[in-house]
Amino acid sequence: MTDGNTAVRVRFAPSPTGFFHVGSARAALYNWFYARQQGGALVLRIEDTDAERNKEEWVDCIYSAMRWLGLDWDELYRQSERTDLYREAAEKLYAGGLAYYCDCTAEVVQDRTKDNATPGYDGFCRDRGLGPGPGRALRFRTPDEGTTVVHDVVRGDPVFEHRTIEDFVLVRGSGAAMFILANVVDDIDMRISHVIRGEDHLPNTPKYLLLWRALGGPAEPVFAHLPLLVNEQRKKLSKRRDKVAVEDYRDGGYLPEAMVNFLALLGWSPGEDREIVPVDEMVAGFRLEDVNNSPAYFDEKKLLYVNGEYVRMLPVAEFVERSVPYLDAAGLAWDRAAFEEMAPLVQERVKVLTEVPAMVDFFFADPVIDDKDWDKRVVRGPAAAELLADAIAAYGAADLPWTAEALHDATAALGERRGQGLGKAQFPIRVAVTGRAVGPPLFESLAVLGRERTLTRLQAALDRLVPAA
RNA sequence: GCCCCCAUCGUCUAGUGGCCUAGGACACCACCCUUUCAAGGUGGCGGCACGGGUUCGAAUCCCGUUGGGGGUGCCA
């Protein structure tokens with residue numbers, strides 16, 4: 001598909017108008033896959049032509065989110081620093097009679113065309129011979145007849161009739177270039193070979209092509225319009241309605257490699273019934289022509305599953321390291337040695353790193369007893385007071401080695417004496433010591449906690465259960 | 001309204017005319033394992049939107065219908 005003589009040059013061109021969106025991340029990822037696989041270049045181009053809506057902090061969001069995902073770029077441009085190029089292109093178009101100035105305001109255009117079968121600008125100023133002037137926009141003069149075909153690797157060859165394309169604005173009345181102009185000028189200038197972007201751009205691709213030709217661009221790029229990412233209502237993921245910010249997932253305890261793997265699966269399949277695939281294998285196996293053409297639902301449940309897989313694949317030391325920010329964020333006065341001891345048991349029980357603190361908090365502070373668990377597993381549990389008292393006696397015995405195994409056996413014996421299985425018997429102890437009915441394996445936890453702290457907590461629970469007369 | 005795109009289990013997908021009695025994964029349910037919870041194992045539920053063609057043969061090709069989505073900005 002690629003012409004072997006032409007270097008593959010792709011671009012990811014986000015506009016800094018909000019937090020970095022998972023849909024953008026997916027588009028960036030596919031561009032990156034293709035560039036890396038083909039040994040081509042990935043251009044990161046910040047499309048900040050609309051000063052009103054852009055913010056510098058959003059630009060930083062783009063950089064940090066991409067770095068977090070591991071998507072590196074080879075060249076970086078900002079459209080706000082390239083305005084001369086756009087002005088030159090606009091002047092060339094005007095001089096060549098391919099564009100004209102228009103002084104119609106948006107309101108006027110709307111009033112004039114609202115009853116037309118095909119709304120949009122009606123070409124009112126086409127032949128008025130207006131020159132440049134304050135407040136005047138420059139419009140592209142689209143052909144009245146004929147068609148433009150978009151050759152798209154994932155969509156086939158959609159045909160657009162020129163008569164359905166209005167004379168669109170190239171330069172605002174303020175003199176600032178519009179997206180379409182800057183986009184095409186840059187793609188030509190940057191020798192972009194493949195335009196890989198969201199499907200929402202498909203309708204403006206004929207305009208892009210018309211402009212490309214008017215500007216005398218060389219060989220046109222290959223297009224690949226990616227299926228949209230949608231929410232449960234099957235609507236395009238939106239910043240207002242949906243949880244779409246990549247940084248929210250980062251803060252939510254997701255691993256970047258899991259996010260990358262999950263995103264890759266939305267619109268493409270590694271094949272052979274494989275889903276959890278290392279990134280280098282995805283890069284190697286990625287095919288633009290295998291990208292799907294129907295919208296994909298961003299299913300957080302599946303993301304959660306994928307993340308759990310990646311969490312469990314981590315070497316323990318790495319898991320510990322990655323958990324640090326989340327432990328700190330939870331405000332725990334945590335201790336590394338103790339956490340390291342429990343880490344393997346915690347690792348296979350969490351799906352996101354934000355769950356880590358709640359798994360180990362009882363090591364580093366007095367347990368906060370969960371009322372529901374206390375009521376269900378202790379108060380209403382059979383003879384809990386007696387069991388707690390027995391546990392205190394058994395655990396306090398000087399000849400009991402303080403090991404998980406010995407504690408397991410001692411507790412099993414306690415339960416047996418009253419006809420309880422270990423599963424039941426451990427509940428009051430677990431709630432007393434950790435505050436909750438669920439958590440990492442109990443006896444291993446007690447072994448790390450130590451005899452003294454365990455006994456203190458058991459006694460506290462017993463006192464709470466049976467207040468001293 | 002007009003233009004364009006899309007259509008396989010609830011979801012993500014495999015499938016490119018016979019390997020399909022439509023495969024995998026998530027979710028869900030059951031059972032097993034088990035010190036709670038997870039993880040793991042086994043099994044189950046569940047789909048080619050509909051109607052016409054083409055063909056010896058269609059999930060796969062064509063047409064139509066229906067349904068969904070995107071675009072329609074001096075936003076990107």
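Here is how names work: the chains are called A, B, and so on, in the same order as the sequence lines, proteins then strands, and each is numbered from 1.
Which of B/C4, B/A7, B/A76 sits closest to the side chain of A/Ser294 comes down to B/A7. Here the nucleotide nearest the side chain of A/Ser15, chosen from B/A76, B/C12, B/U16, is B/A76. Closest approach to the A/Leu228 side chain among B/C6, B/U35, B/G69 is made by B/G69 (side chain taken as heavy atoms from C-beta onward). Taking the side chain of A/Asp200 as heavy atoms from C-beta on, and the options B/C4, B/A76, B/G70, the nearest nucleotide is B/G70.
By the salt bridge (Lys or Arg N to Asp or Glu O under 4.0 Å) test, A/Asp290 is found to be paired with no residue, residues two or more places apart in sequence or in another chain being considered. Under the rule for a ring-ring contact (aromatic ring centres under 6.0 Å, His included), the partners of A/Tyr249 that lie at least two apart in sequence or sit in another chain are A/Tyr254, A/Phe298. Every residue meeting the side chain to side chain contact (heavy atoms under 4.5 Å, CB included) condition with A/Gln79, not counting sequence neighbours, appears here in chain and number order: A/Arg45, A/Glu47, A/Asp48, A/Thr49, A/Tyr86, A/Ala182, A/Asp186. A/Phe124 pairs by the ring-ring contact (aromatic ring centres under 6.0 Å, His included) definition with nothing, not counting sequence neighbours.
Nucleotide B/A58 has no partner under the Watson-Crick or G-U criteria, as no pair reaches both atom distances under 3.5 Å.
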| query | With the sugar-phosphate defined as primed atoms, P, OP1 and OP2, and the base as all remaining atoms, what B/S/- string results for nucleotides 38-45 of chain B, 5' to 3', for protein heavy atoms under 4.0 Å? | reply | BSS-----
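An OP1 or OP2 oxygen of B/U72 is reached within less than 4.0 angstrom by no side-chain nitrogen or oxygen of A/Lys207.
Rounded to whole Å, the separation between the C1' atoms of B/A7 and B/A59 comes to 12 Å. Annotation: B/C48 and B/U34 have their C1' atoms spaced 41 Å apart (nearest Å). Rounded to whole Å, the P atom of B/G68 lies 16 Å from the corresponding atom of B/A49.
Each of A/Asn292 and A/Phe160 was assigned the nucleotide of RNA chain B with the nearest heavy atom; the assignment lying further toward the 5' end belongs to A/Phe160.
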| task | Report the C-alpha distance between A/Arg11 and A/Asn183 in whole Å, list the side-chain angles of each, state the deciding distance to 0.1 Å, and finish with yes or no for side chain to side chain donor-acceptor pair (under 3.5 Å). | result | CA-CA 11 Å; A/Arg11 42 64 154 197; A/Asn183 203 245; 3.2 Å; yes
Which donor-acceptor pairs under 3.5 Å do the side chains of residues 12-22 of chain A make with protein atoms, sequence neighbours left out?
{"unit_1": "A/His21", "atom_1": "ND1", "unit_2": "A/Gly23", "atom_2": "N", "d": "2.8"}
{"unit_1": "A/His21", "atom_1": "NE2", "unit_2": "A/Leu237", "atom_2": "O", "d": "3.3"}

Give every donor-acceptor pair under 3.5 Å between a side-chain atom in residues 435-446 of chain A and any protein atom, sequence neighbours left out.
{"unit_1": "A/Arg436", "atom_1": "NH1", "unit_2": "A/Ala358", "atom_2": "O", "d": "2.8"}
{"unit_1": "A/Arg436", "atom_1": "NH1", "unit_2": "A/Asp361", "atom_2": "OD1", "d": "3.2"}
{"unit_1": "A/Arg436", "atom_1": "NH2", "unit_2": "A/Asp361", "atom_2": "OD2", "d": "2.7"}
{"unit_1": "A/Ser445", "atom_1": "OG", "unit_2": "A/Pro441", "atom_2": "O", "d": "2.7"}

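In this structure, NE2 of A/His201 is placed 14 Å from P of B/G70, rounded to the nearest angstrom.
The salt bridge (Lys or Arg N to Asp or Glu O under 4.0 Å) analysis of residues 253-272 of chain A, with sequence neighbours excluded, yields the pairs A/Glu257-A/Arg322. Pairs engaging residues 338-350 of chain A under the side chain to side chain donor-acceptor pair (under 3.5 Å) rule: A/Arg336-A/Glu340 [sequence neighbours left out]. Residue pairs meeting the salt bridge (Lys or Arg N to Asp or Glu O under 4.0 Å) criterion with at least one partner in residues 295-304 of chain A, sequence neighbours excluded, are A/Lys243-A/Glu300, A/Glu275-A/Lys302.
Within residues 255-273 of chain A, the residues approaching RNA chain B are A/Leu265, A/Leu266, A/Gly267, A/Ser269, A/Asp273, by heavy-atom distance under 4.0 Å.
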Filtered N/O pairs between nucleotides 62-66 of chain B and protein, under 3.5 Å:
none

